[in-house]
Amino acid sequence: MVRSPALPAGRTRADKARRTLSILGATGSIGRSTADVVLQHRDAFDVEVVTAQSRVDELAEMAIQLGARLAVIGDVTRLESLRERLAGTGIAVDAGPAAIVEAASRPVDLVVAAIVGAAGLEPTLAAIDAGADIALANKECMVCAGALFNRRAAAASVRVLPVDSEHDAIFQSLEANNLRAVERITITASGGPFRTATLDEMRRATPAQALKHPRWAMGPKISIDSATMMNKGLELIEAHHLFDIESARLDVLVHPQSVVHGFVTYADGSVIAQLGAADMRIPISHCLNWPRRAETATPRLDLAALGTLTFEKPDLERFPALSIARTALENGDWATNILNAANEVAVAAFLDGTIEFLEIAATVEAVLERATATVGGTVLDTVEAVLALDGEGRRLAAERIEFRGRRAS
Ligand code: NAD
Ligand code: MG
């Protein structure tokens, strides 16, 4: 049966006039869009915590603007500089990964999980354990620990509201509908910067070309994931865990205009979709205000000006990441954990010029193949098990990248 994250958990917090919230990964693309949404409705939100990894200036500025109580920087060497910038403001400061986890567990209504990568797992779980609802942008923490993540959320009876635009679209298309009558869920994909590129062009693609997304302005990691379409693979896995629906009933459809973000096909043939401008402030605002809706300063859709919306099947030959991710989803949590770890390492290696673009998916595939024999079937029932397997995936990916690098030189 399809599960909606909106199922009532019997609490009334969602009806509070003012909500308290913390933003993990506040200086990133999602973090900054979240700040925008909050600043437009200053009286609706109290910000408790903002965190970032290394950008002290932006973190301090944001903490002041949002009136946060605590600012935490991941890189401990920058604590002094954060302290200087916030001196006299009354905003407390802290530093280091453990401090981020501790800050994430401060009592608030909602935590925006906007850290990139598996690094967001522990802080997000801490927020769940502390009883905060989660506005989830950080899909990797779902991909590396799916079932465990859901168990922890259920145990704490917190809601996981999907910020990812496609999942927020599905969330909106599910609301007020009969969940048992859901036949299929479809998430759309822009196709990324290489939608019409040849394999040869893709082989020679530079980081600058791959980072240039046609529709969305996003952080570097997700931008590369969009270029390989691994992002859509991660989103299939995310959708499986968010909506409790199996791979066979999950579809990906390429839709270059990024107007229809996702849709649900019901048993009677009705299709309910969510449409909107390609602006993350829309799904963020939906999650922050849910079940209410608030005004946003985002562009409005002008369908007449657009004229045409087009759709096409994804090309699995040029975008193998999509099939690799689907197979991992079907193989279980250990496989999606390895997939995510290898992908994080491969994306970083492409960005620093160590490997070619097509080697990203090839690395992930090779690592999964090797891991099947050694760690296939590993049960991920604790965070320690999740992080240990993630470490193994990273090790195997680094090993393959180094081996091929040596052969090439
Ligand atoms: P980004 O790179 O712009 O920002 C990442 C944030 O995380 C920054 O604040 C950074 O300081 C922090 N961070 C990075 N490494 C960290 C670490 N090791 N420990 C603690 N904090 C760390 O990324 P983004 O584009 O905002 O994406 C964030 C997440 O949201 C990703 O999981 C991405 O897939 C997801 N997402 C993003 C978009 C988008 O439009 N940008 C859309 C959907 C989903
Ligand atoms: Mg998305």
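Heavy atoms only: backbone and side chains are in, while hydrogens, waters and symmetry mates are out. Since the model is a prediction, treat every value here as computed from it, not as a measurement. Both counts, for ligands and for their atoms, begin at 1 and track the order of listing.
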Quick one, L70 and V72 - any side-chain contact, counting heavy atoms below 4.5 Å? yes
Can you pull out the closest protein heavy atom to atom 34 (O) of ligand 1? Residue, atom name and distance to 0.1 Å, please. K139 CE, 3.2 Å
Give yes if a backbone or side-chain nitrogen or oxygen of G25 is under 3.5 Å from a nitrogen or oxygen of ligand 1, and no if not. yes
Which residue holds the protein heavy atom closest to atom 6 (C) of ligand 1, what is that atom called, and what is the gap in Å? A114 O, 3.6 Å
F45 backbone acceptor or donor facing H41 side chain under 3.5 Å: no
I'd like to know if the side chain of Q257 reaches the main chain of T310, judged simply by a donor and an acceptor atom lying under 3.5 Å from each other, with no hydrogens or angles considered. yes
Are side-chain heavy atoms of L59 and V50 found at a separation under 4.5 Å? yes
Return a yes/no value for S29: is any of its N or O atoms, backbone included, closer than 3.5 angstrom to an N or O of ligand 1? yes
Identity and distance of the protein heavy atom lying nearest atom 35 (C) of ligand 1: A137 O, 3.0 Å
Write out the residue and atom name of the closest protein heavy atom to atom 20 (C) of ligand 1, then the distance separating them to 0.1 Å. Q53 OE1, 3.3 Å
Checking F357 against F194 for the ring-ring contact (aromatic ring centres under 6.0 Å, His included) test, could you report, in this order, the C-alpha distance in whole Å, the side-chain angles of both residues, the deciding distance, and whether it holds? CA-CA 11 Å; F357 182 75; F194 303 138; 5.0 Å; yes
What protein atoms of element N, O or S are positioned under 2.8 Å from the Mg ion (ligand 2)? D164 OD1, E166 OE1, E235 OE2
Atoms of ligand 1 close to A119 [distance to a heavy atom under 4.0 angstrom, numbered from 1]: 17 (C), 18 (N)
Should G31 be counted as touching ligand 1, given the test is an N or O pair under 3.5 Å? no
So, is W216 polar-close to ligand 1, with some N/O to N/O distance under 3.5 Å? no
Looking at atom 32 (O) of ligand 1, what's its closest protein heavy atom, distance included? E140 OE1, 2.6 Å
Does any N or O of ligand 1 fall below 3.5 Å from an N or O anywhere on G219, backbone included? yes
Nearest 0.5 Å please: distance from the CZ atom of R83 over to the CD1 atom of I91. 13.5 Å
For atom 4 (O) of ligand 1, what's the nearest protein heavy atom and its distance? G28 CA, 3.1 Å
If the threshold is 4.0 Å, N to carboxylate O, is there a salt bridge linking R204 and E356? no
Any salt bridge linking D390 with R394? Criterion: basic side-chain nitrogen under 4.0 Å from a carboxylate oxygen. yes
List the closest protein heavy-atom neighbour of atom 14 (C) of ligand 1: residue, atom name, distance to the nearest 0.1 Å. V116 CG1, 3.8 Å
Heavy-atom nearest option to atom 7 (O) of ligand 1, drawn from I115, I100, V101, I30: I115
Take atom CD of E246 as the centre, draw a 6.0 Å sphere, and report whether it contains more than 12 heavy atoms from other residues, nucleotides or ligands. yes
Distance to 0.1 Å, residue and atom name: give those for the protein heavy atom nearest to atom 33 (C) of ligand 1. I222 CD1, 3.9 Å
Indicate yes or no: does an N/O atom of T27 lie under 3.5 Å from an N/O atom of ligand 1? yes
Can you list the ligand 1 atoms lying under 4.0 Å from a non-hydrogen atom of A52? 11 (O)
Strictly distance-based, threshold 3.5 Å: is any side-chain N or O of S157 a donor or acceptor partner for the main-chain N or O of A154? no
Among E238, H167, E235, find the one that has a side chain to side chain donor-acceptor pair (under 3.5 Å) with K139. E235
If only atom types and distance count, is the side chain of H255 paired as donor or acceptor with the main-chain N or O of V260 below 3.5 Å? yes
How about E58: does its CD atom have over 12 heavy atoms from other parts shown lying under 6.0 Å from it? yes
At less than 4.0 angstrom from any non-hydrogen atom of A26, what atoms of ligand 1 do you find? 9 (O)
Could you see which bit of M280 sits under 4.0 Å from ligand 1, with heavy atoms only: side chain, backbone, both or neither? side chain
Residues E359 and R203 bridged, charged N to O under 4.0 Å: no
Under 3.5 Å, sequence neighbours excluded: what are the donor-acceptor pairs made by side chains of residues 121-128?
unit_1: T124; atom_1: OG1; unit_2: G120; atom_2: O; d: 2.6

